[in-house]
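Here's the structure we're looking at; comments come further down.
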Amino acid sequence: MNDVEIHSRAQSGRVHAAGVAIKDLRKSYGSNEVLKGISLDVAAGEVVCLIGPSGSGKSTLLRCVNLLEQPNEGSIHVGGFDATDPDVDIDKMRRKVGMVFQQFNLFPHLNALRNCTIAQTKVLKRPQAEADKIARANLERVGLGHLADRFPDQLSGGQQQRVAIARALSMDPELMLFDEPTSALDPETVGDVLSVMRNLAKEGMTMLVVTHEMGFAREVADRVVFMDGGVVVEEGVAEHVISSPTQGRTKEFLRRVLDPTHIEIAE
Amino acid sequence: MAMTARQRARVSLYVQAGIFVVAVAALILATDWKTVTTNVFNFGKIGPMFPDIFFSGLKNTLIYTFLGFIVGLSGGLLLALMKLSSFPLYRWIATGYIEFFRGIPALLVFIAFGYGVPLAFGVQWNVAVVVMVSLGMVAAAYIAETLRAGLQAVPKGQTEAARSLGMPQWRAMVTIVIPQAFRIVLPPLTNEVILLTKDSSLIYVLGLTASQYELTKFGRDGISSLGAGLTPLLVAGAFYLVVTIPLSLLARKFESRSARTKR
């Protein structure tokens, strides 16, 4: 592979994009049903934000998509993979699905560059030199090319999260999952991470994002899905759901999130 | 008469110092110095121990410890992985092994492999092999628990991140979890080496030839040949400290380093 190809692949996610089709998904922990029959489609190249109160099941739904949680019923199709088929090659599927965690989960014993190359060399069997180039291009892409030699504990939370995004991108995913990527960050570093995600969306990456950042959802998401109590309460065009929700629970949630000083007074 | 806190602290200090002085004085008065200087601190007669104590005693102690540690580390890793396995039989075997070997004296294991194996199988093992197996099997039980704790101390998110990148379970374990666990267990593992260094002396229960003597046996041999009483044993003890104290310092250094990098 030559430099130009690597460069273009790192610069534009348009080359590959995979959609997601979730149908009647159910997930229980013991007697506690967390997902009560969720159906959700994400088209290739689409950005969908999952919003809702904590405990609504949105993170569990996201984690089901790359099988970090095993669903009990229903089906999930990711790209060409049937995730709920017992015979699915789960590792092969996960190569196509990038995951970004709330707590970053960078590998602390590896520097930023190695964090981005380890799976390339061990999983995709890319030669080290090629992996290095791709990793550097992706670190550049998240604005951290100059910190490639730093270890995770030498980076701020926002920088760590951007390395985590570069690590996922280095695998050339066709879908990116974000699980509250800015919730563990200091307020001043949130913007950097969101702007990286915004650029990614512009480049045409398929993204499923669990977030509490309503501004980001309104601006970047094609669609917003509001979940509560394990079901999809309302979904639609971002602007509509956030600015003029139709369901009572959505209105209540957005009122609390958008106006944190609002205090509920018991009747 | 009321005392201030400072006065009370000073009185407490005086009392402690007084007890110490009395104890030392009693010890000095009760000691038979003539016997002690000929039988315990008789350093004039230990010349013949050198330089062999380096090339036989110390060398063999280090070799035996190393052999035991290698077996203990690999066996311990295997047992730790078995204990974390999803297959119940492996967990039971590992638990049984660990409880058994932690619960019996290491000396019994040395006797079992030194005398039991020749009796049962008609083969005579080399002394180094007996030490390696005996020390290694006991060490494996202790090291297994240390490693298991280390493996479990690596956050679950590390495995999740590795699996999300498409790594199979074993690859995530080898590339991501074990290297981190190893850093966590470096201090307790170093302490384990200290214990092994001392336990290597248990080989004395076997008949050894002079070239197989480790420090303790070497010292005991000196007692009978040098006519300096227990002095050779004192020298052997000092040689253990030469090995164990630096290891102890090393463990402390590892500890402070891992405390620093912990987030």
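Chain letters run A, B, ... following the sequence lines, proteins first and then strands; every chain starts at 1. What you see below is based on every heavy atom in this structure, not just the backbone, and it leaves out hydrogens, waters and symmetry mates.
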- [ ] Over 60° means perpendicular and under 30° means parallel, so classify the ring planes of B/Y90 and B/F87, tilted if in between.
- [x]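 B/F87 and B/Y90: perpendicular rings.
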
- [ ] Can you label the angle between the B/F50 ring and the B/F239 ring as parallel, tilted or perpendicular, going by 30° and 60°?
- [x]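 The arrangement is tilted - the two ring planes meet at 30° to 60°.
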
Task: Toward chain B: residues of residues 59-69 of chain A with heavy atoms under 4.5 Å - done: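 Within residues 59-69 of chain A, the residues that come under 4.5 Å of chain B (heavy atoms only) are A/R63, A/N66, A/L68.
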
Please check if the side chain of [X] supplies one atom and the backbone of [Y] the other of a donor-acceptor pair under 3.5 Å.
{"X": "B/Y115", "Y": "B/V205", "result": "yes"}
{"X": "A/T121", "Y": "A/I118", "result": "yes"}
{"X": "A/Q161", "Y": "A/T182", "result": "no"}

Task: Worked check of side-chain hydrogen bond (donor to acceptor under 3.5 Å, both in side chains) between A/E203 and A/N199 - done: CA-CA 6 Å; A/E203 289 163 15; A/N199 288 337; 6.0 Å; no

TODO: Below 4.5 Å from any heavy atom of chain B, which atoms of A/F101 appear? Answer side chain, backbone, both or neither.
DONE: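 Side chain of A/F101 only, per the 4.5 Å heavy-atom cut-off to chain B.
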
Open item on the list: Please classify the contact between A/V97 and chain B as side chain, backbone, both or neither, with a heavy-atom cut-off of under 4.5 Å.
Closed with: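 Looking at A/V97, just its backbone touches chain B.
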
TODO: Anything in residues 175-182 of chain B with a heavy-atom distance to chain A below 4.5 Å? Please list those residues in order.
DONE: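 Listed by number: B/T175, B/I176, B/P179, B/Q180.
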
- [ ] Among the options B/P155, B/G157, B/S164, B/A162, pick out the one with the most heavy-atom pairs lying under 4.5 Å from chain A.
- [x]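 The answer is B/S164.
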
Salt bridge or not for [X] and [Y], using N-O below 4.0 Å?
{"X": "A/D179", "Y": "A/K58", "answer": "no"}
{"X": "B/E160", "Y": "B/R163", "answer": "no"}
{"X": "A/D132", "Y": "A/R114", "answer": "yes"}

Open item on the list: For chain B, which candidate among A/K96, A/Q154, A/Q103, A/K122 shows the most heavy-atom pairs at distances under 4.5 Å?
Closed with: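 If we count pairs closer than 4.5 Å to chain B, A/K122 comes out on top.
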
TODO: Against chain B, work out which of A/R95, A/K92, A/R167, A/Q120 has the most heavy-atom pairs shorter than 4.5 Å and name it.
DONE: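 With the most close heavy-atom pairs to chain B, the winner is A/R167.
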
Task: chain A contact via B/R171 - side chain, backbone, both or neither, heavy atoms under 4.5 Å - done: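 Looking at B/R171, just its side chain touches chain A.
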
Task: Sole residue of B/F69, B/F66, B/F110 in side-chain contact (heavy atoms from CB on, under 4.5 Å) with B/L135 - done: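 Filter result, single survivor: B/F110.
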
Task: Passing option when B/Y64 is tested against B/V127, B/L202, B/V130, B/L215 for side-chain contact (heavy atoms from CB on, under 4.5 Å) - done: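 With B/Y64 as partner, B/V127, B/L202, B/V130, B/L215 yield a single side-chain contact (heavy atoms from CB on, under 4.5 Å), made by B/V127.
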
Task: Evaluation steps, salt bridge (Lys or Arg N to Asp or Glu O under 4.0 Å), between B/R148 and B/E145 - done: CA-CA 5 Å; B/R148 181 194 55 76; B/E145 280 296 273; 3.3 Å; yes

